[in-house]
Each structure stands twice: as C-alpha cells, then as structure tokens.
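Below is one structure. I have some questions about it.
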2 protein chains.
Amino acid sequence: MKIGALEAGGTKMVCAIGDEDGSILKREVFPTQTPDITMPLLIDFFMDEGIDALGIGCFGPIDPNKCSATYGYITSTPKLPWKNYNIVKTFSEALNIPIGFDTDVNAAALGEAAWGALKDCEVGIYITIGTGIGVGVCINGNPLHGLIHPEAGHILIRKMANDNYKGKCPYHSDCFEGLASGPAIEDRWGKKAYDLKDVPEVWDLEADYIAQALVNYILCYSPNRIVLGGGVMHQDQLFALIREKVTEYLGGYVRSDAIIKHIDEYIVPTGLGEDSGIKGSIRLGYMAYHNLI
Amino acid sequence: MKIGALEAGGTKMVCAIGDEDGSILKREVFPTQTPDITMPLLIDFFMDEGIDALGIGCFGPIDPNKCSATYGYITSTPKLPWKNYNIVKTFSEALNIPIGFDTDVNAAALGEAAWGALKDCEVGIYITIGTGIGVGVCINGNPLHGLIHPEAGHILIRKMANDNYKGKCPYHSDCFEGLASGPAIEDRWGKKAYDLKDVPEVWDLEADYIAQALVNYILCYSPNRIVLGGGVMHQDQLFALIREKVTEYLGGYVRSDAIIKHIDEYIVPTGLGEDSGIKGSIRLGYMAYHNLI
Ligand SMILES: Nc1ncnc2c1ncn2[C@@H]1O[C@H](COP(=O)(O)OP(=O)(O)O)[C@@H](O)[C@H]1O
Ligand SMILES: Nc1ncnc2c1ncn2[C@@H]1O[C@H](COP(=O)(O)OP(=O)(O)O)[C@@H](O)[C@H]1O
Ligand SMILES: [Zn+2]
Ligand SMILES: [Zn+2]
C-alpha cells in the first residue's frame, strides 16, 4: 500500500510517500506561499505516485469534523491567504482518494502512538514547543476532537514573579504559548534561542512554564506518557529540569509509579525524531483508507 | 433488567435500584463509617433485589484500570479506613455479578451523557464544585482513564491579586480546588457559603476561578458541552458570571458558535438534578453487564 502524507506548516510543506508501516519512501519540501502557488506543486508531487490515500497534518486552527459544513478547511489562521481555505476539497478533487485530515499535533501524536514513543498508551499526548505551542491527543489510537480540536498550547499558567515579559500571544498575551514559545524566548531575552544555550536562567524559567503546563495536562488527560518535541526542545538540558519541576508541582498527588519512580520514561523526547508529524500524516492516510477515522 | 447503583461518597453512601433507562425504582442513603460497619449494610440493601449488575461511582483516588493489580481499590484517600480498600472485591464476592467501577465524577459524566445534559456530545465533561472539586470526562460514551483517571480539580490557576487566602488543598495549597471548593470559600470568608449569597465579591472571585479552570478545560478537552454541579453551584447567579468571564479569558480564540453565540447552552447545570452521580452509577452497571467497559 502506498500512502501520501503532507505535513502542512506555516513556513514549509513537507510531502512524503510512505507505506502502512510508516516507512518513508520519498520526501520533498516546498515553501508555504499562497494556495494558488503552492497547491499545484503539492498536487504534482502526489499525482503520479499511485497512492491509495492521503493524510494531512495541518497547521490550524482547522475543521476536522466530518459532519461540519466547513470540514476540511483551515479556519481562522493568521496566515491570511490560507484562511478559510478548503485544503481537503482541493486535494480530493485532484486525487480522488480517501483523505485523512487533522491538526499537525494530533497527527504527530498518532504517529508516535503507531510507531514511536506513545506505543501502547491508552492516552498519549504530543506537545510541540516551537514557533507556537500545540498539543496533540491520541486516545486508544484515535485523535481527540470534540467541539473542534484541543488548543491546549494556550492554557493559562502562572507568570513567575521574576519575569517581566508581557507575553507574545496575540489572543491572550501571557498564556503558555505567549510565555514559552520560541519567539517568546527570543523576544524576552533579545537573542536567538540557540544562542542562549549557556544562560541557565533562560532554561530554568522555560522549564518552569513547561512544567506548569505539563502538570495541568497530567491532571486533565491522565496520559500514560508525554512526548515533547519542537525546536525549543533541542535544548535537551530542559528535560531534566522539566521532570524535576513537574514532580515538585504535583506535590505527590498523582500516585503512580510511572510518575513517581519512572519519570524519565514518562516525559520523553519524540520516538520518531523530526518525523512525528510526517509519519503521523502517513498514519492519517492509512486510517482514512480503512475508514478508521 | 435490574441494576444496582452505589454513589460512594466520603460522608454518605447513596444506594439505588434502577433500570437500563436510568429510572430509579428504590433508593436508600447510609452514612459513610468504616468498611466493617458500612459494607454489610450496603450489601444487605442490594442482596435480595435480584440485580443483574452493579455500578459504583466512587470517591477517590481509585484504581479503575482492570489490568492493574490494585483494580477496584480506593487508593490514597485521606478517609483512612477506606485507604487501600478493595471495594469491588467485597461486592463481587457477596453478589457475584458484573461490576462497573469508576470515579464519582466519571460516573456523573456518563449519566449526563446517557440521559442528561451531555447527550450527543462526543466529548462531555462534568465538574462538581462541592467539598472537593472533581472533573469527569466522557468521550464517545466512555469514561476517560489513561494512567489512572483525570484529577483536573487540582490544576494550577492564577490567584487573583485581591485574594490573600492561602488556599485549602493539602497537596498544592492554592490549586483550583484549594482556591474554589466550598470549604475554601467558607475558610476565606469565615461564613457558611450559603450565608454569603448576598456578598457579590464572594461570587465574583469564585466565578473568576471557575472560569479560569473552564478555559483550561475547554482548551484541553475541546468539550462539546460543560456541566457544572455540586453544592457551590446552588448559587445559580454563578452561571452568568462564569459564562461572561470564560468569554473574556478565551479572548475570541476558540471560534465556535457553541461558545461565541450559544454559551448559555454550552456551560449548563446538570440535566439530572442531583442524580447525575447515582444515575451514572446505574449506567456503569449497565455498561459492565454488556461488557462496554
Ligand atoms: N536549537 C534550538 N534551541 C532553542 N530553540 C530553538 C532551537 N531551534 C529552533 N528553536 C526555536 O524553535 C522555533 C522553531 O520551532 P520548530 O518546531 O522548528 O518550527 P515550527 O514550530 O515553526 O514548526 C524557533 O522560533 C526557535 O525559537
Ligand atoms: N446553597 C449553597 N451555596 C453555596 N455553597 C453551598 C451550598 N450548599 C452547599 N454548599 C457548599 O458545597 C459543599 C458540599 O458540596 P456537595 O456537592 O453538596 O457535597 P460533596 O462535595 O461532599 O459531595 C459544602 O462544603 C458547602 O461549602
Ligand atoms: Zn494564547
Ligand atoms: Zn490540589
């Protein structure tokens, strides 16, 4: 079986051809311009590959609800040319195959659940900390939708007393994303994040915000494991700091050995390297083909 | 079909006999003393009723995971005689019928989903604000477990600048439950909560904390509807205040008509009055009988 996969991002579009085991046979990257310019290039990539289905893990917000009038749309994104764009319809008309469509982070969670660090997890969550912060949720192999889809990167957390930065979220200023995304770090400290590697205060504060959010996710989702990805997590000293602070904030409340004794295996990096999103998109295509979503 | 139901609380045990439509045929309440004293009374109640299954919605934390060595236990509760007590085993040996076992709030969410305000919700959440604060989550008719079960009453929220109360949670002091449970209100203001009806500051502050938590739940769970129950919600002026503050905190971020246009039908009181928990326990019994959990 051949499956097309698109990881649609605000700056680049990653296209791949894969199979039902999540192997990637071919891959190409296109810059994200307008739909008029970019969509034909993507369609060209998939057109003559003989794929049986396509999976799309997409920047958002999107509408992944098949019963909705705006199913398949990228909805209120700040990337204006893509706002209210029906990306599923365009692919569907061009390729005429089953299409799976979800958020980039739900796709990443599905990919990690199928082949990566969230295997065998009843509830698995994938968090990206990069240009934005997003949370994907996979429950018994299925993505969480509900009303629309989780937007848990924007939860309210507590600003630390020693942090005078106002926050970068255009909607909430100092929500989790507003305080802890890559651009928030760079704005607060006036330097590129990767040039701040040797400034411990930066990562201590960052780990605190990430830990607060993780504590809220642990209490809300009761996940069996948590995967942290995205550009900011390249600072891998963060993991130890985050694990320590999560334990502190939880105050012994969630009495599971997974957290109390094995937190190193509970809060982990991606199992699929940089490929959680694109492999998750393969999984979405597979699920669409087999009517699993 | 006759189904036994137990809503097991820290102060009282509500027993009922019901049917598969959630009708209650008989009900009796026992004070919660020690297992030695209380369990025989409960077993007596159910013994000769010819019930086909029993559902238990239980105070916690509990272990609802059938594959776990401590399945059926009340685990780390501060009610010491019940700590590490295997309540499922005792009933199972006495009654020899299928037993459904979950948290009181997951049961309430299931009850509301089957017969109340969460009907037709892909994701429905039930929040009780009483002696403690608990959140039950029902996704496609099933309770959410994962690692253990949600403990979302204990999420971190922001203390308001004008609130000097230190918080009442023994684990986290000023988590949501620590700031907003009934006992926290009474401790902060030095009066019984129902005697504070006419003090607007009390409910303005309370609504703010509840709204902060709801915003985080909306962003995490993406629920199709939210039910608020528990003793504190008898102050029904809270609903309008909460809805207004949720809208404010969300800052227009979740662009769904359900929230933007119809918030009165989005954040609602229980559909089953005071019976969400006991009817949800009937539902648990039904699900156990039919191997649905
Ligand atoms: N090595 C690094 N250390 C710290 N931060 C980084 C590093 N590399 C990238 N970032 C941050 O991550 C952001 C990009 O995140 P990334 O996950 O790669 O992309 P996106 O979120 O746009 O998909 C950048 O804005 C930068 O702030
Ligand atoms: N009418 C009321 N107004 C405000 N608060 C109330 C009212 N009735 C009860 N409460 C509060 O709710 C708490 C009891 O919550 P309830 O949901 O009835 O029980 P529990 O949580 O123990 O199951 C009390 O501690 C009290 O603080
Ligand atoms: Zn935000
Ligand atoms: Zn707490």
Side-chain angles (χ1 to χ4, degrees), chain A residues 61 63 65 67-68 70 75-76 121-125 135 137 139-140 142 144-159 169-177 211-213 215-226 249-259 266, chain B residues 61 63 65 67-68 70 75-76 121-125 135 137 139-140 142 144-159 169-177 211-213 215-226 249-259 266:
Chain A
D63 184 346
N65 177 354
C67 305
S68 156
T70 51
T75 54
S76 51
C121 290
E122 182 191 325
V123 177
I125 67 177
V135 180
V137 183
I139 301 178
N140 292 316
N142 295 307
L144 180 63
H145 292 151
L147 186 64
I148 304 179
H149 52 71
E151 282 287 1
H154 291 268
I155 59 169
L156 296 166
I157 56 169
R158 293 178 188 171
K159 202 157 145 173
C169 175
Y171 294 91
H172 319 107
S173 297
D174 56 3
C175 68
F176 177 33
E177 175 174 301
Q212 284 190 45
V215 162
N216 282 0
Y217 301 152
I218 290 169
L219 295 167
C220 285
Y221 297 123
S222 185
N224 297 82
R225 192 170 298 122
I226 296 174
Y249 276 117
L250 277 176
Y253 191 65
V254 180
R255 305 203 65 74
S256 166
D257 283 351
I259 295 178
Y266 186 71
Chain B
D63 185 348
N65 177 354
C67 304
S68 157
T70 51
T75 54
S76 52
C121 290
E122 182 191 325
V123 177
I125 68 177
V135 180
V137 183
I139 301 180
N140 291 317
N142 294 308
L144 180 63
H145 292 149
L147 187 65
I148 304 178
H149 52 70
E151 283 287 1
H154 291 267
I155 60 168
L156 296 165
I157 57 169
R158 294 178 187 168
K159 202 158 143 171
C169 175
Y171 294 92
H172 319 106
S173 299
D174 56 4
C175 68
F176 177 33
E177 174 173 302
Q212 283 191 46
V215 162
N216 282 359
Y217 301 152
I218 290 169
L219 295 168
C220 285
Y221 297 123
S222 185
N224 298 81
R225 193 169 297 122
I226 297 173
Y249 275 117
L250 277 176
Y253 191 65
V254 180
R255 305 203 66 73
S256 165
D257 283 351
I259 295 178
Y266 185 70

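Letters go in sequence order (proteins before strands), and every chain restarts at 1. Keep in mind it's a predicted model, so treat the numbers as computed, not measured. When reading the values below, keep in mind they use all heavy atoms of this one structure, side chains included, and skip hydrogens, waters and symmetry mates.
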(Q) Please classify the contact of L250(B) with chain A as side chain, backbone, both or neither, using a heavy-atom distance under 4.5 Å. (A)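 Contact with chain A involves the backbone of L250(B) alone.
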Q | When V135(A), V254(A), N224(A) are compared by non-hydrogen pairs under 4.5 Å with chain B, the top option | A |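 The residue among V135(A), V254(A), N224(A) with the greatest pair count is N224(A).
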Q | Under 4.5 Å from any heavy atom of chain A - which part of I259(B) | A |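 The side chain, not the backbone.
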Q: Select one option (side chain, backbone, both, neither) describing which atoms of D174(A) are under 4.5 Å from chain B's heavy atoms.
A: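 For D174(A), heavy atoms of backbone and side chain both lie under 4.5 Å from chain B.
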Q: Spell out, as yes or no, whether a donor-acceptor pair under 3.5 Å connects the side chain of Y221(B) to the backbone of C220(A).
A: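 Confirmed, Y221(B) side chain pairs with C220(A) backbone.
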Q. How many angstroms lie between CD1 in I155(A) and OH in Y249(B), if you round to the nearest 0.5 Å?
A.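 If I round to the nearest 0.5 Å, the distance is 14.0 Å.
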Q) Can you tell me how far CG of N140(B) sits from CG of L144(A), rounded to the nearest 0.5 angstrom? A)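 L144(A) atom CG to N140(B) atom CG measures 9.0 Å (nearest 0.5 Å).
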Q: Could you check which of A152(A), S222(A), A213(A), A258(A) has the highest count of heavy-atom pairs closer than 4.5 Å to chain B?
A: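 Option with the greatest count: S222(A).
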Q: Would you please name every residue forming a ring pair (Phe, Tyr, Trp, His ring centres under 6.0 Å) with Y253(A), sequence neighbours left out?
A: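 Scan of Y253(A) (ring pair (Phe, Tyr, Trp, His ring centres under 6.0 Å), adjacent residues dropped) gives H154(B), Y171(B), H172(B).
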**Q.** Toward chain A, the part of E122(B) with a non-hydrogen atom under 4.5 Å
**A.**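 Only the side chain of E122(B) comes within 4.5 Å of chain A.
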Q) What residues, two or more places apart in sequence or in another chain, satisfy salt bridge (Lys or Arg N to Asp or Glu O under 4.0 Å) together with R255(A)? A)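 Partners of R255(A) by the salt bridge (Lys or Arg N to Asp or Glu O under 4.0 Å) criterion come out as none, since no residue qualifies.
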Q | Best-contacting candidate, V123(B), N142(B), I148(B), against chain A by heavy atom pairs under 4.5 angstrom | A |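 Of the candidates given, the most pairs with chain A belong to I148(B).
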Q. Under the side-chain contact (heavy atoms from CB on, under 4.5 Å) criterion, do L156(B) and N216(A) qualify, and how do the steps go?
A. CA-CA 7 Å; L156(B) 296 165; N216(A) 282 0; 3.7 Å; yes
